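Have a look at the structure below before the remarks.
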Amino acid sequence: MALVDTMAPAPTDIPDWLASPERYQPVSDRDGFISRSILAISSVLARFRLDDGQASPLSPSATVKVVLCLSCILLTSLSRNYLFVMIMLAGTLVRACLLPRGALGRVVAGAGASAGLALVIMLPAVALGQAHSALLLTTKALVSTGVTLITTLTTPAADLTRALRVMGVPGVAILTMDLTLRSIVRLGETASEALAALRLRSVGRNADKAASLGGVGGVVLVKAGRSAQETYDAMRCRAFDGEYHVGGREARRGADVAWMLALAAIVALFLHLQGTV
Amino acid sequence: MSHTHLRELHTPPATGSKALIELDDLCFAYEDAPALRHVSLSVREGDSVVLMGDNGSGKSTLLKVICGLLFAQRGSYRFDGDLVDERTMRDASFAKRLHQRVGFIFQDSDAQLFCASVEDEVAFGPRQMGLSEDEVARRVSDACRLLEIGHLRTRAPYALSGGEKKRVAIACVLSMNPDVYCFDEPFAGLDARARAWLLDFLGQLKSVRRTLVIATHDQSLADQVADYFVYMGEMHGYDDRPHVHINE
Amino acid sequence: MSHTHLRELHTPPATGSKALIELDDLCFAYEDAPALRHVSLSVREGDSVVLMGDNGSGKSTLLKVICGLLFAQRGSYRFDGDLVDERTMRDASFAKRLHQRVGFIFQDSDAQLFCASVEDEVAFGPRQMGLSEDEVARRVSDACRLLEIGHLRTRAPYALSGGEKKRVAIACVLSMNPDVYCFDEPFAGLDARARAWLLDFLGQLKSVRRTLVIATHDQSLADQVADYFVYMGEMHGYDDRPHVHINE
Amino acid sequence: MHIPENYLSPSTCILATVAMAPVWRAAARHLREEVPGEKVPLIGVAAAFSFLAMMFNVPLPGGTTGHAVCGTLIAILFGPWSAVLAISVALAIQAVFFGDGGILSLGANCLNMAFALPFVGHAVYSAVRRAIGGERGELLGAGIGSYVGLNAAALLCALEFGVQPLLFHDASGAALYCPYPLSVSVPAMMVGHLSVAGLAEAGLTVGILAFLRSAAPSFGIETRADSPAGLAPVLGLVLALVAASPLGLLATGDAWGEWGVEDLAGMVGYTPAGLGSGWEWGSLMPDYAVGVLPEWIGYIVSAIVGVTLLVIVFRLASPIARPRVDFDA
Ligand SMILES: Nc1ncnc2c1ncn2[C@@H]1O[C@H](COP(=O)(O)OP(=O)(O)OP(=O)(O)O)[C@@H](O)[C@H]1O
Ligand SMILES: Nc1ncnc2c1ncn2[C@@H]1O[C@H](COP(=O)(O)OP(=O)(O)OP(=O)(O)O)[C@@H](O)[C@H]1O
Ligand SMILES: [Mg+2]
Ligand SMILES: [Mg+2]
């Protein structure tokens, strides 16, 4: 091709600074924020990539699971009786024991963190003579976060959103949910790539960190906006007309009945211990 | 994957070729920047056409016009004899029929996949077409088998590798069984093995007389699949291949 | 090609090159998925090395290790004799010196460009290095001239075409005058003309003894720039080229 | 600013959710009527962006952390109603997938961060922009708006915390939910948000907006919500809510029937009196708390908890001894 020859500059075109190696000694500057942000984002991405929502053979169907989860959280929150909370804790722990190693780690980390936070916040209350509240709240935090994470980790994301559909959440909301989950991964990848590019070029003192970070945020938004446009095109190409048909009726599972009976027992226990029966 | 299998599924009618895609003196501009200038082109049923041209020469724009995503501002586009423009596409059932008959595989598979699982993704098109759940299930399992993604069915599309995503994107279009497949840069970012597989798959689509319109920069791969070339903008030096020149 | 011509003018001394990048039995895993397994590799100053391998064979990961974005979990990486690991990189001035000496051009130029104009983008690195505004201006205008993007100086990087973005991304790295250039898939999505230009430009970088590490799937372009190949993972059938095999 | 589970009483949570219901409905309607089809996927993008912004934790004085929400930015770029939906979805995903913020308290979290924050922020932004004008006015407005918006949300959050001990305590005065009164919760929340977190939010908002306006000026969704007339009632509602939330919550006690204060007081009667005066394990599970169940139930439950905890500890501990990744497989 003719262009190649015309575009090849003579060697003299190369400026002197480029022809000799760079002797540059950097001064130090604080930019720990960039690396910390990259870490935070990649930990989020790692959690999404794990993709280990796997139902066990004894699990109920997703809809029943969501109902169970919400009921447990509600009852635990309402309970004034420590024995009831302990029973819920025992049940949660037994289920957690049976999780695969990776999922167990995440449940323990998540529930432990929220219980720890509860304890720290409540410590002054112990000094005020409200130790009971402190312990109750900490245990409740352990149970509700544990139940939530166990439910999420044992249910594929697709089943979760479908369960929402069964429970009457409109299709548009589910579509937004699906799109958001997808966007988080895409945005996260773009964001960590852009932050990495910023770090690689931050070889000295950055006078205007806010502008640089604004640039990274802006890049992420513009890129995501473009791909959102493309996504909409892709949806139209597959005959999308604004109505999101979530199909595939969920198979009833044999375990559903047993789990609903268990829920009934829990409610009975709650009422009994709360003293309303 | 067996050649013969795909052929059994969709036996092609062995009739004489008719012009399926007809562009007549078509012009299109984004805002006020012209992207397509007086383009005339006719693609017959069963043809494999490769679009080549520089960055910004309008390849992707042309594919979007063919898929009914963008509309001619002058000139006309007819698909299988029917005029496709902003007015006719306002008729929802006509638009859906066009989108079913013309499948589009985007360059960026990431942007094309938006459901929570591969299974839902492949089923999206057929469900939108209002097929029965049984038929949907049959198509999904056939498409997954043909593209060898059966083991990924419950996985989330965004967690797959580049090559796997491309397969899923093709399965999504395949399950709608279109007459025309438009590919935008299908080979970019694929490794040697995936390229070989894709070439083979394109060959299979040709063997069941699907019409292929492919935009690519890769001359050597293009040579292996094209019946003829469409050069867009200024393209010189390849005049020994069968080609037409548009959008100069 | 003209780069052979340039090479004759500036023939690098065959001997006396020192090893600039030394990986010794290096292992790296994302979470618990190993991506690099016992990789040993040594790249001398002025070498042009092309990494080839299937999707997921660890090319991009290796480039990120070389740039000091990821750290070996076992084994070691030395750059110009200095150990690069999580501990040494905590020393901000050492890290910055490494980032200045090793330039990285991402596959996705979009994500690499984060300033509001091309001029700011190219000036970002030199300004960070604390050069005088005169010197910064000189570098920016030289880099823009070399990459032929002078007419784009006031444009926003997002509004540019793919090939133009790639040029801007290279100019940003060039203005910092690094010793090593790492390219991740530089040819993907570029048209024939831009590819030819880039090949030529890589030849010029070689002529001033810059070290090049390039990951690509494009065998025919790779042939034109590589001193030798690094095959990653399972790569067969190309054993007639000078190569080493790693990460099997 | 994510309110975890159990810090607010279920009645407060339900009240907040009920308050959010019409807001969500209105937001969905605005989305349908005002946002063109091809922009709808942008809502998902906005949600994802807000989700990521909430990962940018900055340490606050007092040992906790605060984070940006970018709610005002989203309101400026996509309109406040889109922001309501986007941030709500982001909060739901955080609660469900990460256990960050409670499930029951989702309504309250949405009220603070997905409703009050973008609307207050956007209203302030519009007012400043109208007063000053030009690009400077826009950026200044975005900065002030996002700062005020975030702090309004934090204040609302602190008020919700602070009324808990007033409303929900047992006969002995021991709090059932969050135990800190307004005099503690308001300063504790506001110090950090008025200083560090608010500035971070403002910095991020202005930086991103400045970049977008110069590099990609057409980015975003055109909304009609810019007109001050449309915003005034909503802003009034938010301000009223902020001002009246302690009173409002007290007053609604009657309206809330079985969730009301009287009934709660009735239930509270079952909690042992004098519990707050020093404690021992026995008082946590007093004999009569077991009801007609045999007493050994308590021991069994404790045993199960102990054993399972041990199993979990060992399961988590065991693989640490071996290398986590096998590079030679
Ligand atoms: N959404 C858009 N808005 C405005 N201009 C656009 C848009 N998309 C493309 N263009 C412009 O239209 C022209 C044709 O673009 P098109 O994407 O069709 O080129 P292409 O041949 O596909 O290029 P490539 O090889 O880089 O994919 C270019 O000048 C481009 O800048
Ligand atoms: N951020 C990440 N988190 C987890 N796993 C990752 C991440 N990035 C890459 N991997 C995995 O590490 C392996 C190596 O990836 P890498 O990107 O280095 O491959 P590659 O050779 O560059 O592939 P390609 O040709 O597709 O660019 C792959 O299995 C990939 O799935
Ligand atoms: Mg294109
Ligand atoms: Mg790669």
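Quick note on labels: first sequence line is chain A, next is B, and so on, each numbered from 1. What you see is a predicted model; the values in this text were computed from it and never measured.
- Residue pairs that meet the salt bridge (Lys or Arg N to Asp or Glu O under 4.0 Å) test with at least one member in residues 178-190 of chain C, sequence neighbours left out, are C:Arg101-C:Asp179.
- Both the backbone and the side chain of C:Leu174 come within contact range of chain A, judged by heavy atoms closer than 4.5 Å.
- For C:Glu121, the parts sitting under 4.5 Å from any heavy atom of chain A are the backbone and the side chain alike.
- Top candidate by heavy-atom pairs under 4.5 Å with chain C, chosen from A:Ala191, A:Ala196, A:Gly217, is A:Ala196.
- Note: C:Arg97 leads C:Lys64, C:Arg97, C:Gln112 in heavy-atom pairs under 4.5 Å with chain A.
- In this structure, the portions of C:Cys67 lying under 4.5 Å from any heavy atom of chain A include both its backbone and its side chain.
- The minimum heavy-atom distance linking C:Leu63 with C:Val213 is given by the pair CD2-CG1, 3.6 Å.
- Comment: C:Arg145 engages C:Asp142 in a salt bridge, judged by a side-chain N to carboxylate O separation of less than 4.0 angstrom.
- Taking 4.0 Å as the cut-off between side-chain N and carboxylate O, A:Glu189 and A:Lys223 do not count as a salt-bridged pair.
- Most heavy-atom pairs under 4.5 Å with chain A: of the set C:Arg139, C:Arg210, C:Gln100, C:Glu135, this distinction falls to C:Arg139.
- In this pair, C:Tyr77 and C:Phe79 present their aromatic rings perpendicular. The plane angle is above 60°, beyond the 30 to 60° band.
- Residues that satisfy the side chain to side chain donor-acceptor pair (under 3.5 Å) test with C:Glu119, not counting sequence neighbours, are C:Arg153.
- For the options A:Val216, A:Leu200, A:Thr190, A:Val219, heavy-atom pairs under 4.5 Å to chain C are most numerous at A:Leu200.
- C:Phe28 and C:Tyr30 have perpendicular rings, their planes meeting at more than 60° on a 0 to 90° scale where under 30° would count as parallel.
- Both the backbone and the side chain of C:Tyr158 come within contact range of chain A, with heavy atoms under 4.5 Å apart.
- Within the 4.5 angstrom heavy-atom criterion, atoms from both the backbone and the side chain of C:Asp108 approach chain A.
- Comparing C:Gly125, C:Pro157, C:Cys172 by heavy-atom pairs within less than 4.5 Å of chain A, the highest count is held by C:Cys172.
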